[in-house]
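So you know, we letter chains A, B, ... as the sequences are listed, proteins then strands, and number each from 1. Just so you know, these numbers come straight off a predicted model, no measurement behind them.
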Amino acid sequence: MVTAITGQAEDFSQWYVDVIRKAELADYAPVRGCMVIRPYGFGIWERARDLLDLRIKRDAGCQNAYFPLFIPQSYLEKEAEHVEGFAPEVAWVTHGGDEELEERLAIRPTSEAIICSMYSKWISSYRDLPLLINQWSNVVRWEKVTRPFLRTTEFLWQEGHTVHQSEEEAEEYTLMILQMYKDFFWEDLAIPVIDGIKSEREKFAGALRTYAVEAMMPDGRSLQAGTSHNLGQHFAKVFDIKYLDEKQKEVYAWQTSWGVSSRIIGALIMTHGDDSGLMLPPKVAPVQVVVVPIIFDATKEKVLAESRKLAEELNSEGIACKVDDREGQTAGWKFAEWEMRGVPLRLEVGPKDLEKGTVLSVRRDNRKKEFIPRDGVSAFIKDFLPAFQQDLLKRAEERQEALTQVVEDYGEFKHLMEGRPGFLISGWCGDDACEGKIQEETKATVRVIPLDEMDFPKKCLCGKKAKRAAYYAKAY
RNA sequence: CGGGGCGUAGCGCAGCCUGGUUAGCGCGCCUGCUUUGGGAGCAGGAGGCCGGAGGUUCAAAUCCUCUCGCCCCGACCA
């Protein structure tokens, strides 16, 4: 064994870190809590980013823009809840060269403050609305504990910031974004998510309401994967975002903000990976198909030529295909290597295939082997990739279902939460104190309050009448 | 930020308790030959201020102090 990975069952956290390093997704940087996203990891991010960017433009109607990294302290402090929420984790710039700055500059932990300050200049009429802008950027949050991709000091994300004429319109848009995120996770990343509204204590600092999608990881912890906030008029009032409506009345605007971060790479690793390493959904795989030539001296040239020709052919048809024609490694080593890196399909081309006019295909999930007629390879792959994407989703969905159960009794709830049972669905009275007590006693939090109609226990865990269902889990 | 563990070659580790020659081992890397359909074999070779800074000592990877970083479990967050 050259590159052993710790087994998932043995130590899930260690498995996660092993995969990241061995598959060359990322490496630790000299600065605490920071990581380098290496080309293969960045390749996954680029694909996911492009898929989401398409939806942001097409479904959400946004245009991309870019705002500064620095936010003056006074701007960040305008919205009281906002500053209170972010103050503990802001990195500050105090000097420019040798000169001390008159006002400290925050390195953005999120961009509401700087963006709203500009919006206030740009908006003066109802005709300027809605204003729909998205930004792809990095942000910095000085977190106490960090983990690659899941929580790093600096991370990459997109943040959408929109302005609307009415509360209803803003609310509708917030929910539309939530649906867009759901589609992105289910369809593009093959990650099943639950969705709903956050409780008061879990909502974004400065928001009126926060909606979120959450994904259940194989270790039973929930990962907040995307958030969509209805900001109400909180920021409009302090940043003075006003416009003249059709009746010539000056009114404050209504806003939303929403984001998805490079954390999704962590979700991809955990959701689909196994003891052999990564397993990537074809839509985000930097390499969808790898061709491994089986080299013997007598047939080496012919096999290499055929392998390269095959890869060229597939690439020209839009399939991300790579030939592993390195000569230092044996075929078996390459098999293990590409499995670890999560490539959905491997094609082997050897002398026997040349004779028979076939190639051998091996899929990543179950290693099932199949001989494909050489002239049918491209058609085979075009069927295979979407099917594989579906298979991964189904596998993840089944696990999420297995990690979700309804619990009525608080004693049982506490007992289950001593482990990592995944999602526990219960009734909730809606009382903040009740939620706080449960969190204190079990470490579990309300992940979301589902919006869809569903059956739920009529009593809250505290014994009072339940108003709504709630998904509880321990969270990342 | 609290509790626990760990920093020695690219990776994984031994050596430390009980200070003492040129600091070892496995994998990887380089060269050559034989190999290649599930992590190849043999031979030769390169690669280290022992995380960093102070101290104790004739002498420090080893003892002491401080510091930085990583991992795990908690409290906080995308």
Side-chain angles (χ1 to χ4, degrees), chain A residues 1-6 11-18 21-22 24 27-35 85-90 109-110 138-159 181 198 201-202 204-205 210 212-215 222-229 257-267 276-277 292-300 303-304 324-340 346-354 358-360 362 367 369 371 420 439-440 443 445 474-476:
Chain A
M1 294 288 271
V2 180
T3 50
I5 297 172
T6 305
D11 184 343
F12 190 78
S13 295
Q14 191 57 50
W15 168 85
Y16 176 77
V17 173
D18 282 354
R21 301 202 70 177
K22 299 275 164 61
E24 297 182 354
D27 202 353
Y28 294 103
V31 181
R32 192 196 77 87
C34 292
M35 64 173 179
F86 283 103
E89 53 194 51
V90 170
T110 178
N138 57 341
V139 287
V140 167
R141 297 182 188 176
W142 217 262
E143 301 284 359
K144 296 193 168 105
V145 178
T146 60
R147 307 188 71 191
F149 292 114
L150 298 175
R151 192 186 303 106
T152 47
T153 301
E154 177 187 7
F155 58 94
L156 305 179
W157 76 347
Q158 61 69 216
E159 47 180 329
Y181 282 160
K198 286 285 185 182
R201 74 170 46 215
E202 294 281 326
F204 176 75
T210 290
V213 289
E214 296 259 339
S222 180
L223 186 73
Q224 183 167 305
T227 48
S228 181
H229 316 292
S257 74
W258 30 280
V260 157
S261 77
S262 43
R263 170 180 260 195
I264 58 174
I265 296 172
S276 299
V292 178
I294 308 301
I295 297 167
F296 295 91
D297 273 347
T299 49
K300 179 174 156 185
V303 164
L304 278 174
D324 190 349
D325 53 7
R326 290 176 293 177
E327 298 197 24
Q329 281 81 10
T330 61
W333 192 90
K334 293 175 185 175
F335 298 165
E337 168 88 353
W338 291 108
E339 277 170 10
M340 182 184 66
R346 175 174 84 241
L347 297 177
E348 299 177 23
V349 177
K352 289 180 211 160
D353 298 297
L354 294 192
T358 58
V359 302
L360 180 64
V362 186
R367 299 190 189 183
K369 296 184 178 178
F371 283 100
R420 290 237 186 87
Q439 180 172 355
E440 207 171 295
K443 314 295 181 206
T445 49
K474 289 181 181 170
Y476 265 98

### Message
Is the shortest side-chain heavy-atom distance between A:Val139 and A:Phe155 below 4.5 Å?
### Response
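Of all side-chain heavy-atom pairs linking A:Phe155 with A:Val139, at least one is under 4.5 Å.
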For [X], which contact category applies under a 4.0 Å heavy-atom criterion: base, sugar-phosphate, or nothing?
X        : value
A:Arg346 : base
A:Glu89  : sugar-phosphate
A:Val260 : nothing
A:Leu360 : base
A:Gly350 : base
A:Gly266 : nothing
A:Leu150 : base

Using the [atom1] atom on both, measure [N] against [M] and round to a whole Å.
N      : M      : atom1 : answer
B:rU57 : B:rU62 : P     : 16 Å
B:rG4  : B:rG47 : C1'   : 35 Å
B:rG51 : B:rG44 : P     : 31 Å

Could you tell me the separation between the [atom1] atom of [X] and the [atom2] atom of [N], rounded to a whole number of Å?
X        : N      : atom1 : atom2 : result
A:Asn138 : B:rA78 : CG    : P     : 17 Å
A:Ile5   : B:rG39 : CD1   : C1'   : 12 Å
A:Trp142 : B:rG69 : CH2   : C1'   : 13 Å
A:Tyr181 : B:rA78 : OH    : P     : 13 Å
A:Glu143 : B:rA78 : CD    : P     : 8 Å
A:Asp18  : B:rC70 : CG    : P     : 17 Å

### Message
Can you list everything that forms a side-chain contact (heavy atoms from CB on, under 4.5 Å) with A:Lys300? Sequence neighbours excluded, please.
### Response
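Counting only residues at least two positions away or on another chain, A:Lys300 forms a side-chain contact (heavy atoms from CB on, under 4.5 Å) with A:Ile295, A:Leu304, A:Glu327.
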What protein N or O atoms touch nucleotides 71-75 of chain B N or O atoms at under 3.5 angstrom, if any, and at what distances?
from	atom 1	to	atom 2	distance (Å)
B:rC71	OP1	A:Tyr28	OH	2.6
B:rC72	OP1	A:Ser13	OG	3.4
B:rC72	OP1	A:Arg147	NH2	2.8
B:rA75	OP1	A:Lys443	NZ	3.3

Partner nucleotide of [N] by Watson-Crick or wobble geometry (both distances under 3.5 Å):
N      : answer
B:rA40 : B:rU34
B:rC6  : B:rG69
B:rC11 : B:rG26

### Query
Do A:Arg346 and A:Glu348 meet the salt-bridge criterion of a basic N to acidic O distance under 4.0 Å?
yes
Short N/O separations, protein against nucleotides 32-36 of chain B, under 3.5 angstrom:
from	atom 1	to	atom 2	distance (Å)
B:rU36	O2'	A:Ile295	O	3.4
B:rU36	N1	A:Ile295	O	3.4

Please output the side-chain donor-acceptor pairs of residues 141-150 of chain A that fall under 3.5 Å, not counting sequence neighbours, one pair per line with the distance.
from	atom 1	to	atom 2	distance (Å)
A:Arg141	NE	A:Pro109	O	2.7
A:Arg141	NH2	A:Pro109	O	2.7
A:Arg147	NH2	A:Ser13	OG	3.3

### Message
Return whichever of A:Glu339 or A:Ser261 has its heavy-atom-nearest nucleotide of RNA chain B closer to the 5' end.
### Response
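Going by which nucleotide is closer to the 5' end, it is A:Glu339.
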### Query
If you pin A:Arg32 and A:Glu202 to their nearest nucleotides in RNA chain B, which one's is more 5'?
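Its nearest nucleotide lies further toward 5', so the answer is A:Arg32.
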All N/O contacts under 3.5 Å from nucleotides 10-12 of chain B to the protein, with atom names and distances to one decimal?
none

### Set of residues satisfying side chain to side chain donor-acceptor pair (under 3.5 Å) with respect to A:Trp338, sequence neighbours excluded
A:Asp324
### Task
Could you tell me whether a side-chain N or O of A:Arg201 sits under 3.5 Å from a main-chain N or O of A:Thr445, the two making a donor and an acceptor?
no
### A:Thr210 and A:His229: side chain donor to acceptor below 3.5 Å
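Distance-only check passes for A:Thr210 and A:His229.
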